[in-house]
2 protein chains.
Amino acid sequence: MDTEPSWDFYRSFLTVLRQGSLSAAARELGLTQPTIGRHIDALEQAVGAELFTRSSNGLLPTDMALDLQPYAETLATTADAFLRTASSRRDKVEGTVRISASEVIGIEVLPPIIADLQDAYPGLQVELSASDALEDLMNREADIAVRMTEPQQDALLARRIGDIPLGFHAHRRYLERHGAPQTMADLAGHRIIGFDRQTAYIRMMRKLYPAVDELAAAFRTSNHLAHLAAIRAGIGIGICQTGLARPNHDLVHILADEFEMRLGTWVVMHESLRTSPRCRVTFDALVDGLLSYIKSCRGTRA
Amino acid sequence: MDTEPSWDFYRSFLTVLRQGSLSAAARELGLTQPTIGRHIDALEQAVGAELFTRSSNGLLPTDMALDLQPYAETLATTADAFLRTASSRRDKVEGTVRISASEVIGIEVLPPIIADLQDAYPGLQVELSASDALEDLMNREADIAVRMTEPQQDALLARRIGDIPLGFHAHRRYLERHGAPQTMADLAGHRIIGFDRQTAYIRMMRKLYPAVDELAAAFRTSNHLAHLAAIRAGIGIGICQTGLARPNHDLVHILADEFEMRLGTWVVMHESLRTSPRCRVTFDALVDGLLSYIKSCRGTRA
DNA sequence: CGGTATCCATATAATTATGTATAGCGATGG
DNA sequence: CCATCGCTATACATAATTATATGGATACCG
């Protein structure tokens with residue numbers, strides 16, 4: 001290798017890959033099309049491989065370029081994390097903290113917790129990545145994560161919150177029309193909201209309650225938020241966190257004695273962020289907020 | 001934020017951090033001291049924080065800079081992985097593959113396996129990181145790893161090899177002088193080679209054989225290679241992989257019926273490297289080589 | 001079919017970043 | 001106590017990178 005290529009080339013490479021054309025990448029990066037073109041040329045020269053096939057309506061990535069995309073993505077998220085950390089003062093709670101959580105937690109549970117946190121620390125910005133694709137804390141894709149599985153890596157600081165209870169729920173309107181099932185067997189006569197895809201959590205349920213799996217579902221979705229929305233819309237009976245029944249009083253927890261499943265919950269942060277005030281404070285706020293959320297889950301039985 | 005800083009600044013930042021001065025960093029990168037100085041200035045400007053305190057004999061990193069170091073390290077290893085992947089042709093077995101393994105495995109077990117592999121594929125370069133600090137495959141710090149723990153992440157492709165058996169060993173010379181212990185209790189009268197630090201594997205032994213832990217060690221080291229060297233030098237009786245007794249015929253496996261511990265072993269690779277011929281071939285070679293190594297571990301009893 | 005809007009490639013001009021040379025500062029050693 | 005060495009900071013010339021401007025190719029649409 002003569003000399004290492006400029007790291008800026010990786011940025012240009014990734015942007016072209018995402019945007020699909022030199023021109024669009026140039027607009028994105030605030031540069032010009034010939035510049036990006038030269039970057040790609042130089043990178044291809046440096047690695048001795050063709051990365052894109054040029055055409056008059058854009059650049060088509062080669063298989064090699066697609067292989068390289070994850071590396072470039074990592075570079076981008078890491079550079080982002082670098083700036084996020086560097087741009088916040090070490091001695092004050094300010095700057096941006098990026099939180100990763102599942103969609104349901106991120107949308108139904110976290111907002112009030114974050115609101116209180118930001119009331120207390122006006123200089124604190126929060127980026128919430130509400131996605132079921134869990135982001136990698138080791139890669140610093142997020143600073144703090146709420147997870148339903150226990151993290152394995154030693155470098156991660158994890159705090160177990162407890163178990164979030166799940167149960168069958170239905171809208172009051174649905175129950176008024178169709179009656180409330182008293183036993184698991186009664187479910188057979190009801191409209192069931194089911195899951196579309198296999199996830200770890202569905203496999204767990206299948207193991208604990210094989211009967212549930214055999215119910216014919218009237219509405220299936222792989223999206224947990226859509227599942228919840230279906231319950232709230234009165235489509236039928238589905239499973240959700242019992243804590244979500246409380247804020248919306250039209251949701252009723254049914255079969256509470258027959259069916260119980262719990263999701264272990266952890267708040268996780270990279271160990272090295274312990275000394276960062278903004279991460280520390282956010283971590284603590286999430287722990288406190290989720291603890292009281294779990295406490296509120298009790299006593300919502302029908 | 002006006003505009004994102006050049007990614008090259010991160011490289012200069014990291015090099016200054018590692019080298020301790022602008023001048024040394026400039027030499028390392030093939031640039032000049034004023035250039036590196038300007039990069040650091042620009043980065044400090046961009047993030048609005050002081051990263052180094054300048055002195056006449058170098059640059060001293062601030063706490064902030066030390067916080068940022070891991071991010072910069074990740075950038076460097078990822079850029080490296082990018083080049084490694086990009087510089088090898090997709091259709092041929094050539095280019096560099098980086099293997100991570102423990103010191104003992106990397107030094108005592110892998111070399112002959114790698115030799116055979118490279119005989120078969122002359123264009124294949126191998127980088128071996130023989131370190132007990134396990135490198136992160138998610139971060140692409142290595143392409144393939146030999147691990148003694150089962151990997152958790154879904155994105156990793158893991159192949160279980162089996163269990164590597166461990167046992168007490170001593171040099172023939174030591175046994176001629178001091179006699180061979182026939183029972184675990186006999187160990188008390190012998191010179192024992194022990195471990196210095198707590199590791200997962202020591203905790204496991206402590207659990208299975210609490211008696212072993214109470215033996216007074218005549219020689220302690222936290223380095224497994226040094227431990228092995230001590231056994232080979234005839235210092236006393238210590239624990240090592242039974243497979244290591246074979247190539248060196250002066251090493252004798254003792255108390256084989258009294259003591260047995262096994263280390264589960266996996267070869268692990270990032271799932272996305274499956275399509276890369278060089279990684280695929282290396283992965284398979286490691287699997288085959290380690291399988292036959294484990295097979296060779298049997299039948300070496302004294 | 002002509003008009004328009006993309007896109008990439010190339011040549012040239014402007015800007016920016018880099019290297020060279022030098023001065024100044026502090027530590028080290030005879 | 002001065003010479004030396006290594007470091008950073010600055011000034012200036014130069015090289016490298018970038019933006020601008022233009023041409024050619026392709027797709028889309030009325």
Side-chain angles (χ1 to χ4, degrees), chain A residues 1-66 68 72 75 79 83, chain B residues 1-62 64-66 68 72 75 79:
Chain A
M1 192 184 327
D2 330 314
T3 176
E4 201 190 340
S6 165
W7 285 10
D8 284 337
F9 294 170
Y10 302 130
R11 173 168 53 182
S12 298
F13 167 79
L14 177 62
T15 312
V16 171
L17 212 47
R18 285 175 170 168
Q19 302 288 331
S21 79
L22 297 180
S23 311
R27 284 192 294 272
E28 175 79 18
L29 292 176
L31 297 172
T32 58
Q33 166 256 316
T35 298
I36 305 294
R38 279 185 291 258
H39 286 182
I40 300 300
D41 286 345
L43 190 58
E44 288 182 327
Q45 191 76 27
V47 304
E50 200 177 42
L51 297 173
F52 297 93
T53 53
R54 268 86 162 169
S55 84
S56 58
N57 56 346
L59 268 70
L60 197 74
T62 62
D63 288 345
M64 172 66 89
L66 294 175
L68 294 172
L75 289 174
L83 283 181
Chain B
M1 193 186 326
D2 329 314
T3 177
E4 201 191 339
S6 164
W7 284 12
D8 285 336
F9 294 169
Y10 302 129
R11 172 166 54 184
S12 299
F13 167 79
L14 177 62
T15 312
V16 171
L17 212 46
R18 285 175 170 168
Q19 302 288 332
S21 79
L22 297 179
S23 311
R27 283 192 294 273
E28 174 80 17
L29 290 175
L31 298 173
T32 58
Q33 168 258 318
T35 299
I36 305 294
R38 281 185 285 252
H39 285 183
I40 301 300
D41 286 343
L43 190 58
E44 287 182 327
Q45 191 75 27
V47 303
E50 199 176 41
L51 297 174
F52 297 93
T53 53
R54 268 86 161 170
S55 85
S56 59
N57 57 347
L59 270 70
L60 197 74
T62 61
M64 172 66 89
L66 294 175
L68 295 173
L75 288 174

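A, B, ... follow the sequence lines: proteins, then strands. Residue 1 opens every chain.
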Which is it for B:Thr35 and B:Thr32 under the side-chain hydrogen bond (donor to acceptor under 3.5 Å, both in side chains) test, yes or no, and what are the steps along the way?
CA-CA 5 Å; B:Thr35 299; B:Thr32 58; 3.1 Å; yes
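Between B:Arg54 and D:dA9, a side-chain N or O to OP1/OP2 separation shorter than 4.0 Å is present.
Between the CG atom of B:Asp41 and the P atom of C:dT18 there is a distance of 12 Å, given to the nearest Å. For B:Gln19 and D:dC7, the CD to P distance is 10 Å, given to the nearest whole Å. Remark: C1' of C:dT10 and CG of A:Leu22 are 14 Å apart, rounded to the nearest angstrom. Taking atom CD on A:Glu44 and atom C1' on C:dC8, their separation rounds to 13 Å, with Å as the unit. Atom CD1 of A:Ile40 and atom P of C:dC8 are 11 Å apart (whole Å). In this structure, A:Leu60 atom CG and C:dC8 atom P are separated by 12 Å, rounded to whole Å.
The shortest side-chain heavy-atom distance between B:Ile36 and B:Val16 falls under the 4.5 Å cut-off. Counting only heavy atoms from C-beta outward, the side chains of B:Phe9 and B:Ile40 never approach each other to under 4.5 Å.
Counting non-hydrogen atoms under 4.0 angstrom, A:Gly58 reaches the backbone sugars and phosphates but no base. Residue-level contact check: B:Ser23 touches the bases, meaning some heavy atom is under 4.0 Å from a base atom.
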What string of B, S and - do you get for nucleotides 15-23 of chain D 5' to 3' if you count protein non-hydrogen atoms under 4.0 Å?
---BBBB--
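At least one donor-acceptor pair under 3.5 Å links the side chain of A:Thr62 to the backbone N or O of A:Leu51. The backbone N or O of A:Glu50 sits nowhere less than 3.5 Å from a side-chain atom of A:Glu44 that would complete a donor-acceptor pair. In this structure a side-chain-to-backbone donor-acceptor pair under 3.5 Å is missing from B:Asp8 to A:Ser6.
Ranking D:dC7, D:dA9, D:dA27 by closeness to the B:Arg27 side chain, first place goes to D:dC7.
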